[in-house]
Amino acid sequence: MRPHALWRQLLRIGLAAGRNSPGGRLRFAALITAAAVVTLVLMSCLAVIATCDGWDRRDVARGVEIARHGDSPVVALYKRAGDSVGTRPHEVVYIEPKSPQASPPPGLPRWPEPGEAFLSPELVRVGEGEGITRRYGKFAGIIDSSGLATPSERLAYVRPAVTGHHGWSKIAKIGSARSTPMGDTLNRVPAGQLLSAIGFTVGGVAIVLLVVAARCGSSSRDRRVRLLTALGGNRWHLALVNLGEACIPVVIGTLLGSVPYLLMSLWDVRIPLIDQVVGSADLRAWAWVTPMVALAGCGLMLFVVVALHLAGIDGGGTRPRVFADRIPRWRLYAGLLGLIAIVTTPYLPKLTSFLAYIAGTTLLWGMLPSAAGAVIRYWGNSAASFGRWAGRADVLIAGRWAHARPGVVVRLVAVMVIGLGVITQAQVWTSRLGDSGQNARALQRELHDSVLVVTPQSITPASVDAFARSLPKNANIFLVNTAKKPTEPSVLRGSCEAMRSLGIACSSDGDHMTGGDARIAILGKFIGFGGEIKFREGNVSGNTQKADQIAVVSPLGTTGLNARVKETANRAFGLAQVKRPYDGWILGADRLVNMADWVKLLTILTLIILALAVAFSSAAEFLVFTAAVAPLAVLTERRRFLLGIAIWNLTVPTVIAVAFGVCVAAWQGSFFISLSKSGMFSWSLLAACAAGALVLAIAIGLIGGTGAIRATARWRPAAD
Amino acid sequence: MLDRYRCPPLLQIENLGYSTSNTRLFGGLDLNVHQGESVVLCGPSGTGKTTLLTCILGLTKPKKGRILVAGEDLTGMSRRRLASFRRKHMGMVFQFGELLPELSPVENVALAALLAGADRKKAYDLARHLLADLGVPLDGAPTAYLSGGERQRTAVARALITGAPLILADEPTGALDQDSRDSVADLLFELPRRRNCALLLVTHDQAVAARADRRLDLIAGRLIGTQA
């Protein structure tokens with residue numbers, strides 16, 4: 001045969017083998033899924049690069065260059081401040097144009113007029129409930145995507161109606177690579193870090209899924225490889241056959257895996273859990289690379305598939321062993337030791353208890369597959385006895401298989417239980433706030449908006465009057481003269497009514513206050529040096545010269561005042577920052593929550609892919625088992641009992657494992673919280689994961705069962 | 001002429017025709033097998049012996065002709081009716097036994113009865129009885145630990161448990177050593193006499209073929225030998 005005809009023939013043999021070999025459909029589906037997942041991971045990396053590239057370009061375009069020399073031309077003045085919607089912080093950029101020729105910052109169609117503000121679409125969306133469009137003055141419009149780091153950035157450009165610009169910076173130029181980061185860039189995870197995280201987590205398990213998919217139904221393929229070798233075929237010939245078998249599903253999977261990137265190039269998409277929007281324009285700019293990435297990914301996957309089968313040329317027999325080896329007892333004892341280590345942690349010194357918890361958890365989860373193996377064997381024996389007693393052929397066979405070869409079920413069970421454990425531990429660990437965060441949450445629960453501190457750009461009697469008039473009746477104000485020296489107390493001046501609302505006797509002389517009402521205590525910590533403050537009765541609008549802040553005090557537990565005071569303060573003073581005393585800690589903690597969301601997303605994705613890999617591996621091995629029962633099933637025309645075997649052999653143990661995993665995860669998560677006295681346990685996350693695991697358990701049983709029914713339907717005696 | 005030939009044949013094949021896309025396996029094949037009779041089917045590989053068995057089992061649809069078992073035509077039966085009829089009237093022994101190695105011999109044998117809808121207790125009692133009768137150990141050890149001969153005896157017991165009057169066997173001794181082959185062949189050829197069933201056995205082994213009441217050779221789509 002001519003060489004070019006031979007390679008075509010070998011490819012054709014591979015294509016035919018893919019269609020007709022036992023478990024061919026399952027491998028086809030597994031390879032499509034694996035190729036789609038690998039391509040998705042590669043496309044995610046491309047999306048990260050594209051987003052970071054667009055982000056960098058927009059950062060440079062909106063970056064400001066500060067005028068450092070007195071003679072530099074000044075195009076505008078600017079000042080940056082922080083604000084928040086709920087407990088999530090955002091940046092507010094105050095600007096004042098100084099040159100008529102100067103272009104406005106990117107994303108703005110024009111310079112805002114005095115008292116106007118441009119807001120990002122995300123800020124408008126999330127701040128709707130707090131009246132964000134009224135907070136900084138008149139809403140002039142939204143900031144275009146060209147002026148935002150990402151479409152989900154919360155940013156405001158405000159031109160306050162003030163005359164003085166004390167503390168503002170002079171801008172020589174807008175559009176500089178040497179600017180200090182602003183907005184979302186402050187919390188940006190470096191591209192390299194994100195790519196490494198994606199590569200090591202979802203990328204790693206995507207490769208595992210590819211290997212599992214490639215090896216689905218491998219026994220018949222390995223025999224074919226050996227046959228071709230015996231017939232004189234070299235590695236090139238074997239590669240061609242394997243290539244023919246794998247190329248169609250891999251190409252389909254690659255195409256499917258590329259679709260999300262292409263769709264995301266057309267529309268902005270919000271990523272669940274991390275609540276960030278991926279800009280379609282950024283992805284469009286790099287869309288020309290997608291064919292190359294897809295082609296490279298496809299080539300790489302085909303190489304892996306072919307290489308995996310070439311590696312087995314010189315291997316031994318591929319006949320599955322009937323009975324698995326006994327599980328060494330020491331593994332069970334080690335797992336028990338891990339459990340004891342966890343339980344005893346509360347009685348150990350702090351550092352030792354932490355180490356014992358980590359070591360115990362590792363040991364417990366590490367030995368879990370062995371423990372699961374022992375349990376599955378026991379369960380298999382019991383199920384077989386029950387099947388025999390009840391005359392249920394499916395339960396009898398499923399039980400005997402589980403007892404003889406628990407590996408398939410053990411892998412499934414281990415991934416489910418460890419998966420649930422890892423997700424809940426990731427959630428619990430990342431929900432920890434530390435002592436400051438915990439205290440801040442406690443203060444938030446007690447105070448809500450009952451103490452607000454306003455820092456205006458400038459204070460005048462008229463503006464204080466206007467501000468006081470616009471507040472609700474149960475809110476009182478104190479003008480604050482912040483102490484300049486640690487030895488002096490800060491003085492809060494307010495009306496008798498305001499002082500009485502805090503439970504203080506009305507006096508023009510004033511008392512040093514360090515304790516008492518929770519509101520006084522927090523004001524002391526927030527305003528006074530060393531917690532010392534002094535209240536003095538007086539007219540608030542008549543004593544504004546030395547005042548630098550205003551405290552707004554309302555009854556304990558008042559809610560919904562924060563947003564209103566922010567709006568009122570900006571209107572009365574032109575520019576004012578409003579803070580709750582605990583905001584600093586809470587907002588800092590929310591940044592951690594953002595990181596925690598990333599951890600959760602990557603953990604969940606990793607485990608979903610791992611679960612898929614295990615599901616395919618289990619269903620494929622189940623097909624190998626069911627080949628033995630095919631003759632009986634065909635002759636008696638009882639094919640549906642194969643579904644029963646699959647349900648009893650795969651689904652039921654997995655459901656039991658999920659129930660066990662939920663109990664372990666809930667116990668260990670709650671235990672960790674009581675041990676560390678911080679964090680919170682998300683029952684909704686655990687419930688969602690458990691529901692997902694149950695769906696997967698049912699799906700595996702159905703896939704395995706229907707696959708076996710299909711494979712059995714094709715069986716015919718072939719002894720001749 | 002023996003008495004059994006006075007009764008209508010248990011298996012009656014009339015003018016059976018079957019061909020694959022490019023080969024005609026048999027054109028107008030006739031065969032009768034009576035109760036209490038053993039018939040072996042020999043012939044070169046690829047002539048369609050196993051296909052003939054699958055036609056009798058109803059797993060392969062012939063192009064023409066009729067297959068009657070106990071007087072009923074299988075070729076016109078619905079799939080459900082055929083399955084029920086097969087469970088009741090036919091038992092099959094395969095070359096490699098096709099048993100589940102993880103199950104005990106009793107469980108393997110009882111399984112066929114359970115799937116045929118038999119009562120649980122009766123199925124296990126009958127399985128034990130049959131296996132004891134055929135000399136298979138009943139110690140509860142998995143079938144994987146049995147010898148080749150014991151496994152084939154278990155497969156025979158499984159074919160017999162539903163009380164099928166027609167036993168089909170496809171190369172049942174093909175994978176056995178000589179001693180095991182002889183013992184399994186003895187067992188199979190005793191069945192028609194002991195149980196008054198009909199046995200149709202496919203083999204290449206001349207020594208096994210010589211033990212049958214009749215021998216037929218399937219050559220070029222025709223059965224050559226003594227027809228009843």
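Heavy-atom basis, side chains included; hydrogens, waters and symmetry copies ignored. Convention: sequence-line order gives letters A, B, ...; per-chain numbering from 1.
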Around atom [atom1] of [X], are there more than 12 heavy atoms of other residues, nucleotides or ligands at under 6.0 Å?
X        : atom1 : value
B:Arg222 : CZ    : no
B:Lys64  : NZ    : yes
B:Lys61  : NZ    : yes
B:Phe85  : CZ    : yes

Next on the checklist: Quick check on B:Leu57 against chain A: is it the side chain, the backbone, both or neither that has a heavy atom closer than 4.5 Å?
Outcome noted: side chain
Item to check | Atom group of B:Arg158 that falls short of 4.5 Å from chain A, counting heavy atoms | outcome: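 Only the side chain of B:Arg158 comes within 4.5 Å of chain A.
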Checklist entry - Taking only residues two or more places apart in sequence, or in another chain, which ones meet B:Phe26 in a ring pair (Phe, Tyr, Trp, His ring centres under 6.0 Å)? => result none
Checklist entry - For chain B, which residues from residues 392-399 of chain A have at least one heavy atom closer than 4.5 Å to it? => result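 Expected list: A:Ala393, A:Leu396, A:Ile397.
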Checklist entry - Where do B:Arg120 and A:Gly391 come nearest, in terms of heavy atoms and distance? => result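 Minimum heavy-atom separation between B:Arg120 and A:Gly391: CD-N, 3.1 Å.
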Item to check | Qualifying residue, where the test is side chain to side chain contact (heavy atoms under 4.5 Å, CB included) with A:Arg388 and the options are B:Leu103, B:Leu114, B:Val106 | outcome: B:Val106
Item to check | chain B contact via A:Ala390 - which portion, at a heavy-atom distance below 4.5 Å | outcome: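 Only the backbone of A:Ala390 comes within 4.5 Å of chain B.
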